[in-house]
Amino acid sequence: MATVKSFEDLEIGTSARKICDDIFRIKQNTELKSDYKLYNQINGSSGSIMDNIAEGFERNGNREFIQFLAVAKASCGETRSQLYRASDREYITKEEFDLLYEKLILLSKQISSFINYLQKSDLKRTKFRG
């Protein structure tokens, strides 16, 4: 694994940021902008993915980081749920839905893999060093 100095260096952080941008672009280019409640929910849950990755990284302890990654993973599921509603209300096309859905599934799997890596790793971040 390459040296990681900040959450921005993590692939999962970069992927989460792109998903947030995708959600914003959908809002800008569709009638989702008129459905304030749904937009606020999907914007919030997609932002929660990125925010929890960042906050967990900054905690400097693997156990806390794993907890925040679990919340980020749950937010992937929440965002997918809201994506279904955006699709059902015909704010997005099937192609837009499929693309974003696949990105969210991939990110969820990557977060799970990273959690597994941290759980098995002998490396401890600064908070747990003696």
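Throughout, numbering of the chain's residues begins at 1 and tracks the sequence.
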Roughly how far apart are [X] [atom1] and [Y] [atom2], rounded to 0.5 Å?
X     : Y      : atom1 : atom2 : result
Ser46 : Leu104 : OG    : CG    : 8.5 Å
Asn52 : Lys73  : CG    : NZ    : 13.5 Å
Ile49 : Ser75  : CD1   : OG    : 6.0 Å
Leu69 : Gln110 : CG    : CD    : 12.0 Å
Gln82 : Lys37  : CD    : NZ    : 10.5 Å
Ile26 : Glu31  : CD1   : CD    : 13.5 Å

Taking the side chain as every heavy atom from C-beta outward, state whether [X] and [Y] have any atom pair closer than 4.5 Å.
X      : Y      : answer
Tyr91  : Phe97  : no
Tyr84  : Tyr101 : yes
Asn116 : Gln119 : yes
Asn43  : Lys27  : no
Phe7   : Glu58  : yes
Leu83  : Ile92  : yes

How about [atom1] on [X], more than 12 heavy atoms from neighbouring residues, nucleotides or ligands closer than 6.0 Å, or not?
X     : atom1 : answer
Lys18 : NZ    : no
Glu11 : CD    : no
Arg80 : CZ    : yes
Gln28 : CD    : yes

Task: Sidechain N-carboxylate O distance under 4.0 Å for Arg25, Asp21 - done: yes
Open item on the list: I'd like to know if Asp98 pairs up with Lys94 as an ion pair, taking the criterion as any Lys NZ or Arg NE/NH1/NH2 lying under 4.0 Å from an Asp or Glu carboxylate oxygen.
Closed with: yes
Are [X] and [Y] connected, step by step, through hydrophobic side chains (Ile, Leu, Val, Met, Phe, Trp, Tyr) whose heavy atoms are closer than 4.5 Å?
X      : Y      : value
Leu106 : Ile42  : no
Ile23  : Leu38  : yes
Val71  : Phe57  : no
Val4   : Ile12  : yes
Phe68  : Leu107 : no

Task: Ring centroid separation Phe114 to Phe65 under 6.0 Å - done: yes
Is the backbone of [Y] close enough, under 3.5 Å, to the side chain of [X] for a donor and an acceptor to pair up by distance?
X     : Y     : answer
Asp9  : Ser6  : yes
Ser48 : Gly44 : no
Ser45 : Gln41 : yes

Task: Test side chain to side chain contact (heavy atoms under 4.5 Å, CB included) applied to Thr79 and Leu100, step by step - done: CA-CA 10 Å; Thr79 304; Leu100 201 46; over 6 Å; no
- [ ] Work out which heavy atom in Lys103 is nearest to a heavy atom in Asp22; give both atom names and the distance.
- [x] NZ-OD2, 2.6 Å
